[in-house]
K.L.:
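Take a look at this one; I'll ask things after.
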Amino acid sequence: MAEEMKKEVAAETPAAPPPAPAAEALDADSEKTTVAPPPAEEKPEESKALVVAEEAPEPEPKKTSSGSHDRDVALAEVEKEKRLSFIRAWEDNEKTKAENKQVPKPYFLNYNNSKKAALEANLRKIEEQLEKKKAEYAEKMKNKAALLHKEAEEKKAMVEARRGEELLKAEEMAAKYRATGHTPKKLLGCF
């Protein structure tokens, strides 16, 4: 039954357009105030669901007078299509805005590559500084080790020299005692 009604409306629609321009002028004024989709809410799935719901068959209107009623139905259909086309246009416009706001991928790639190169250069710089500090520290440690070795050799040489002097002194005293025939006062340190 609803399909027959749509066929009748479709068949009568070509006859209805002459009075429609006057009605469209009135609809345009009323549509400016009534059709204002919220720009903050962007729900493509719900809007599709709304379109499907609006395309559902309408209840069969009462048949009072065929001329004015058919014209009213045709005007309502035109108004509905106009509203849906405005909504689709608004949706497409919002989608285009969102896509245009996105930065192209090559920019991200260049940005990532430049940041990565900068970080790698900074890392190499820090590694070079660490290597330089490491070399300086190793040189300081080698210098300290050489200085300690030198001091140890000097102390060892001093000990050897003192020992040699004591041995020489002991030999001289022994020669003196032999020459004079005196006995030393201290024979052994432990007695």
K.L.:
Would Arg71 and Leu75 count as a side chain to side chain contact (heavy atoms under 4.5 Å, CB included) here? Give the steps.
P.N.:
CA-CA 6 Å; Arg71 190 183 82 202; Leu75 288 176; 4.2 Å; yes
K.L.:
For the CG atom of Asn113 and the CD atom of Glu120, what is their distance to the nearest 0.5 Å?
P.N.:
9.5 Å
K.L.:
Say you draw a straight line from CG of Asn112 to CG of Leu119; how long is it, rounded to the nearest 0.5 Å?
P.N.:
10.5 Å
K.L.:
Just one of Lys150, Glu151, His149 clears the side-chain contact (heavy atoms from CB on, under 4.5 Å) bar with Glu153, so which one?
P.N.:
His149
K.L.:
Are the side chain of Asn100 and the backbone of Thr96 linked by a donor-acceptor contact shorter than 3.5 Å?
P.N.:
yes
K.L.:
Residues two or more places apart in sequence or in another chain: which of them pass side-chain contact (heavy atoms from CB on, under 4.5 Å) with Glu81?
P.N.:
Glu77
K.L.:
According to side-chain contact (heavy atoms from CB on, under 4.5 Å), who are the partners of Glu127, at least two apart in sequence or on a separate chain?
P.N.:
Leu123
K.L.:
Could you pull out every donor-acceptor pair under 3.5 Å between side chains of residues 164-177 and any protein atom, sequence neighbours left out?
P.N.:
none

K.L.:
Could you tell me the separation between the CG atom of Leu84 and the NZ atom of Lys82, rounded to the nearest 0.5 Å?
P.N.:
12.5 Å
K.L.:
Just wondering, are more than 12 heavy atoms of other shown residues or ligands nearer than 6.0 Å to CE in Met141?
P.N.:
yes
K.L.:
Is any side-chain N of the basic residue among Glu136 and Lys140 closer than 4.0 Å to the acidic one's carboxylate O?
P.N.:
no
K.L.:
Can you tell me how far the CD1 atom of Ile126 sits from the NZ atom of Lys133, to the nearest 0.5 Å?
P.N.:
10.0 Å
K.L.:
Hey, what do you get for NZ (Lys144) to OH (Tyr137), rounding to the nearest 0.5 Å?
P.N.:
6.5 Å
